[in-house]
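Below is one structure; the comments refer to it alone.
FYI, side chains are in, hydrogens and waters are out, and symmetry mates aren't considered; it's all heavy atoms of this structure. Chain A is the first sequence line, chain B the second, and so forth, proteins listed ahead of strands; every chain is numbered from 1.
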Amino acid sequence: MFWNALAQVGLFSVVLLPVTVVLGRYLARVFSGERTALDPVLRPVERLIYQVSGIDPRSEMTWAEYAVAMLLFQLVGMVFLYLLERVQAFLPLNPQRMAAVPADLAFNTAASFVTNTDWQAYAGETTMSYLTQMAGLTYQNFVSAATGIGVAMAIIRGFVRRSAKTVGNFWYDLVRATLWVELPLSLVLALVLLWQGVPQNLDPYVHATTLEGAHQSIAEGPVASQEAIKYVGTNGGGFFNANSAHPYENPTPLTNLLELLAFVAVSAGLTYTFGLMAGDTRQGWTLFGAMAFIFLVGAAGAIAAEQHGNPLLARLGIDQRASALQCGGNMEGKEVRFGIVQSALFAALTTDVACGGVNAAHDSLMPLGGLVALLNMQLGEVVFGGAGAGIVGMLVMAVLSVFVAGLMVGRTPEYLGKKIESREMKLAMLYVLVFPAVVLLLAAVAGSTASGLASLSNPGPHGFSQFLYAFTSGAANNGSAFGGLNANTPFYNLLIGLDMLVGRYLMIIPALALGGSLGAKRALAPSAGTFPTTGLLFAALLVGVILIVAGLTFFPALSLGPIVEHLALMAGKTFK
Amino acid sequence: MRTLATALRLTVLLTFLVGIVYPLAVMVAGRVLFAVQARGSLVVRGGKVVGSSLIGQSFTSPRYFHGRPSAAGSGNGYDAANSGASNLAPTNAALVAAVRARLKAVLAENPGVSASQVPIDLVTASASGLDPEISPQAAELQVARVARERRLSPEAVRALVWAHTRPRWLGIFGEPGVNLLTLNLALDRLESGTAAGSDERSHRR
């Protein structure tokens, strides 16, 4: 069993390495406008889009202009999605006659999908028409991720350019990320998913008569196309309520592996792209190494916790040991085809990557398994992280790390030859503090109001974990949930909606400003006193800073939730 | 203002491209290349859709292999238009009580089986509520009952179980599972002696 778990995680991690290099190189080519094999098909489409939209792709923007264009585009998208949900009952492609989505839920869902969070307070198969799933949600899956990738490119340009006033062109980055990166990857993935059994149709739900003569209504829809971009763009919003635990979203172990790979690919690739653009691929590998280390430790912890099983059930005499005939462990809320290893691996990576797609019910994870998922998000989604947003967060943590190193040796800190000064540190700290501030504040509100507590479905410390998880997931733009929480109430729809918007824009904008500020600086030649930002020492410092920042801010909250739940479980205690 | 106009026009264009053209292109490709899967891998017997080979359904008769408990929808679960998990915490007393009751039911249905032979998946609810599979151990403990109810030899039933067991991918990834709908269909076929040339097939329209 141990060796099989090692093989499942190890082989997956090994496959990730070439994917990182190949995709990282490709991304660098795409955003510098170099030729690619897809140019003959995509160039004419790109030109047409620029012409009709009145875009001059060569005009450069300052960080502030870039931010304004991004915000306006997102605002239009959010209004559009909100309206589409509200009027879906009058539009075509609605064979199940889904009614208009209520205002609070429509707001929450619109905020959720523009911010690349894909938190779902609704169940897809009972709420959304096929048109809303396609033109609303699938569309936002593409452009919210493309926006994140664009912002990452802008910030990387800021880090590597010298004495520059501008960081690139938002429209150019957005269109290129959509056409060259997301569309081809999604098309290929959608076809493989189809082959494995993910449906793609516009049929009404099928009426089946089961072998025992009962009636079963089977939800259908254009699932494969949405499932593909859901992962390529680290979105994670399921077509169905059960997300990727649903056999129509994730029918086989092979699709599970491909979905895992798809949602980490772009974020991992961007570390290599960063190294290439910085003129030293070791810079990228150092960030990658720090990410991979945290990922593997978390995944190992989650697998061990879940495989150990639930001691309360062991007392009933049930067999929870792994053997050739069963996977054993904590199987509540998990699927047989994934077992413990693929479920726990998925839970760890989806919370590392700000993806939020799930193939198991996180609410039923063991306390320590749930702790890994919560903590991964509370690290700030820098372990690969969301499409674009991950590398941005990691660069901010790198700036913070050189600052800490600078304090220790008493020198002005530098990163990539740029002096890190007061303005940069203020922006970095703003980025770091917004996230815990909004999470803890909103969790405190939920914990002290009747409307907040009324939605809990589990008793005891686990109930606390439910809303802590919800606000963490929202502000981290992750989107996974402790699904027992009844989040579809005006209270949670509004608060989590705000949580997601703050967690996206109040973090992206300081990061863009940081990129702009660094871009304007001259680069200094490295000297003997320069603290190297490559190699094991810096990676270890980076990991340390990430863990300390998250630990200092979130440990008290975690100890009230999963940690005390674990201790109670060890003592054999249940809650009613 | 100019930026807003650009944002509006780009929204319309990209919505058309990736929100309409892309899903429809995948649909056309699916219909040509993977017609059965694109429609949901439906299974037809005697001209009627009896389910999907990917979607679990409720089995309660002792003549059929039974699946996992399901939290999808209400009643017996397995509501394939309302997927979902129980979301019970590991420390929730309701989970322990539910598992205890299910264990009791499994032991009552399968005389001669002891608690230590019952694998955890057979008494816990899946994440989707639509898990089409059970572990090989969960099938093995039901072999004797199904064989007795159908007056078949346990060896014949066990052979059928193995024929419907999906191994790990490449022998490494995921876990083996026994597909219940296809297994139970094969049982019906075996009993009615129409193993060859049956009218059961995946659904094409």
Side-chain angles (χ1 to χ4, degrees), chain A residues 7 49 53-54 69 72-73 76 134-135 138-139 142 190 194-195 197 199-200 205 208 210-211 216-220 222 225 240-242 245-247 251 253-254 310 312-313 317-320 325-327 331-337 339 342 360-361 363 366 458 462 483-484 569 574-576, chain B residues 3-4 6-11 13 15 18-19 23 26-27 30 34 37-41 48-49 51-52 54-55 57 61 80-85 87 89-93 96 99-100 103 115-116 118-121 124 126-128 130-133 135-137 169 172-175 177 184:
Chain A
I49 290 175
S53 315
L72 275 174
F73 179 72
V76 169
M134 289 162 53
T138 302
Y139 164 71
F142 274 94
L194 256 166
W195 165 53
Q200 178 81 4
Y205 293 0
T210 69
L211 294 198
Q216 189 181 37
S217 171
I218 303 176
E220 299 287 330
S225 56
F240 302 109
N241 186 44
H246 197 295
L254 172 60
N310 188 340
L312 299 172
L313 303 183
I318 300 162
D319 188 4
Q320 293 188 84
L325 295 179
Q326 72 145 340
C327 65
M331 281 301 281
E332 180 69 29
K334 295 192 181 64
E335 302 280 301
V336 165
R337 60 195 178 284
Q342 288 293 322
D363 219 347
M366 298 308 294
N458 278 306
H462 198 91
L569 184 69
T574 57
F575 295 91
K576 270 188 197 153
Chain B
T3 311
L4 187 63
T6 301
L8 278 168
R9 276 180 278 186
L10 198 55
T11 299
L13 280 176
T15 299
V18 303
V26 174
M27 194 168 86
F34 311 110
Q37 295 96 313
R39 294 279 190 179
S41 308
K48 278 204 298 202
V49 177
S52 160
L54 293 176
I55 303 289
Q57 54 180 251
S61 155
N82 199 358
S83 59
N87 286 312
T91 49
N92 193 331
V96 181
V99 172
R100 184 180 286 127
L103 177 65
S116 65
V118 178
I120 186 70
D121 62 287
T124 48
S126 65
S128 62
L130 301 172
D131 199 335
E133 296 176 329
S135 65
Q137 187 174 334
W169 188 60
I172 296 172
F173 296 101
E175 297 293 335
N184 284 331

> Quick one: what part of L13(B) sits under 4.5 Å from any heavy atom of chain A, side chain, backbone, both or neither?
Replying inline: side chain
Under 4.5 Å from a heavy atom of chain B, the part of [X] involved:
X	answer
Q216(A)	side chain
Q342(A)	side chain
L313(A)	side chain
H246(A)	both
E220(A)	side chain
F575(A)	both

Are the side chain of [X] and the backbone N or O of [Y] linked by a donor-acceptor pair below 3.5 Å?
X	Y	answer
S217(A)	A81(B)	no
D131(B)	V336(A)	yes
N458(A)	A89(B)	yes
Q320(A)	P119(B)	no
Q57(B)	L211(A)	yes

Residue among [options] with most heavy-atom pairs under 4.5 Å to chain B:
options	answer
A69(A), A360(A), A219(A)	A219(A)
E335(A), H462(A), M134(A)	E335(A)
L312(A), L569(A), I218(A)	I218(A)
P222(A), A135(A), G54(A), A361(A)	A135(A)

> So, S135(B) and E175(B): side-chain donor and acceptor under 3.5 Å apart, yes or no?
Replying inline: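 There is no such pair between these side chains.
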> Between S83(B) and N241(A), do the side chains contain an N or O donor and an N or O acceptor separated by less than 3.5 Å?
Replying inline: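 There is no such pair (donor and acceptor under 3.5 Å, judged by atom type) between the side chains of S83(B) and N241(A).
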For residues [X] and [Y], report the shortest heavy-atom separation together with the two atoms involved.
X	Y	value
F73(A)	T11(B)	CE1-OG1, 3.6 Å
K334(A)	G339(A)	CD-O, 4.0 Å
Q326(A)	D319(A)	NE2-O, 2.9 Å

Among the options [options], pick out the one with the most heavy-atom pairs lying under 4.5 Å from chain A.
options	answer
P136(B), G19(B), A127(B), G51(B)	A127(B)
T3(B), I55(B), L130(B)	I55(B)
L10(B), N184(B), V96(B)	L10(B)
G177(B), S116(B), P132(B), A85(B)	S116(B)
I172(B), L4(B), L103(B), D121(B)	I172(B)

